[in-house]
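Residue numbers count from 1 along this sequence.
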Amino acid sequence: MASAPAQAQESDVHHATGTFEVTITPEAQAEAPEGGVATSRMALSKQFSGGLIGTATGTMLSAGTPAPGHSAAYVAIDQFNGSVDGRAGGFMLLHRGTMAASGESELSVVIAPDSGTGALAGITGTLTIDVREDGHFYDLAYRLPEDD
């Protein structure tokens, strides 16, 4: 009788936490088409400290009404290079976010499958971002193949 694969234990999930600085540079903006919303493309540059030490560069695409209190959405891809809890390498982060006029927001940031390099080859996980008055904070919940 075949047994089901072992489920990941919560103890197998590592957490790298800290802060990051972000610079967003507008690259292109498109006027809203008739009946539509404006779109824009921006370059991202991030500097991480804490459990993640390194930089990330990427591109963000956004759409929405520019007035405060209106809805918007974005997608982004970042390439992180540096170290995670002392393990050197890199990986891609995929972002998808929405912000509703009601104040509700949703954000999903995942490590792209098979994008890990160096000592981070095979890394999987999710990144939670908390933006506060005193800065940008992150929690990277991740697993590495040796955790299996």
Side-chain angles (χ1 to χ4, degrees), residues 5-30 32 36-148:
Q7 294 294 331
Q9 300 292 318
E10 185 61 33
S11 62
D12 292 340
V13 176
H14 304 281
H15 288 268
T17 61
T19 61
F20 68 95
E21 302 284 329
V22 62
T23 301
I24 301 173
T25 306
E27 293 184 330
Q29 187 164 347
V37 297
T39 60
S40 60
R41 183 180 71 230
M42 291 150 275
L44 301 173
S45 177
K46 298 175 183 172
Q47 181 70 46
F48 288 86
S49 60
L52 294 175
I53 297 175
T55 60
T57 57
T59 301
M60 177 170 69
L61 302 174
S62 67
T65 307
H70 287 80
S71 299
Y74 88 96
V75 294
I77 298 176
D78 283 327
Q79 172 70 58
F80 172 81
N81 286 296
S83 66
V84 177
D85 291 334
R87 296 175 179 97
F91 52 83
M92 299 293 293
L93 288 168
L94 307 176
H95 302 240
R96 182 192 57 79
T98 58
M99 290 73 57
S102 66
E104 294 180 35
S105 65
E106 180 181 326
L107 178 61
S108 169
V109 184
V110 299
I111 296 174
D114 298 321
S115 66
T117 63
L120 300 175
I123 191 171
T124 60
T126 59
L127 182 81
T128 303
I129 298 172
D130 184 13
V131 179
R132 304 181 214 157
E133 279 187 30
D134 57 341
H136 290 73
F137 297 81
Y138 68 84
D139 180 347
L140 178 69
Y142 69 95
R143 295 190 70 222
L144 289 165
E146 63 264 19
D147 297 333
D148 293 333

Please report the shortest heavy-atom distance between [X] and [Y], naming the atom on each side.
X	Y	result
Ala43	Glu27	CB-OE2, 3.3 Å
Gly54	Gln47	O-NE2, 3.4 Å
Asp78	Ala56	CB-CB, 4.2 Å
Pro145	Ile123	CD-N, 4.4 Å
Ser71	Ala101	OG-N, 2.9 Å
Ala63	Val37	CB-CG2, 4.1 Å

Thr17 side-chain N/O to Asp139 backbone N/O, donor-acceptor pair under 3.5 Å:
no
Taking CG in Asp130 as the centre, count heavy atoms belonging to other residues, nucleotides or ligands within less than 6.0 Å. Is the count above 12?
yes
So does Glu21 have more than 12 non-hydrogen atoms from other groups sitting under 6.0 Å from CD?
no
Among Met42, Met99, Gln29, Arg41, find the residue that satisfies the side chain to side chain contact (heavy atoms under 4.5 Å, CB included) test when tested with Ser62.
Met42
N/O donor to acceptor pairs below 3.5 angstrom from side-chain atoms of residues 81-94, sequence neighbours left out:
unit_1	atom_1	unit_2	atom_2	d
Asp85	OD2	Tyr142	OH	2.5
Arg87	NH1	Tyr142	OH	3.3

With rounding to the nearest 0.5 Å, note down the distance linking [atom1] in [X] to [atom2] in [Y].
X	Y	atom1	atom2	value
Thr19	Leu52	OG1	CG	10.0 Å
His95	Leu61	NE2	CG	12.0 Å
Leu44	Gln79	CG	CD	13.0 Å
Thr124	Leu144	OG1	CG	7.5 Å

Test item: Leu127 and Ile129 side chains (from C-beta on) under 4.5 Å apart, heavy atoms
yes
Does any non-hydrogen side-chain atom of Ile111 lie less than 4.5 Å from one of Leu140?
yes
Among Tyr138, Phe20, Phe48, which one satisfies ring-ring contact (aromatic ring centres under 6.0 Å, His included) with Phe80?
Phe48
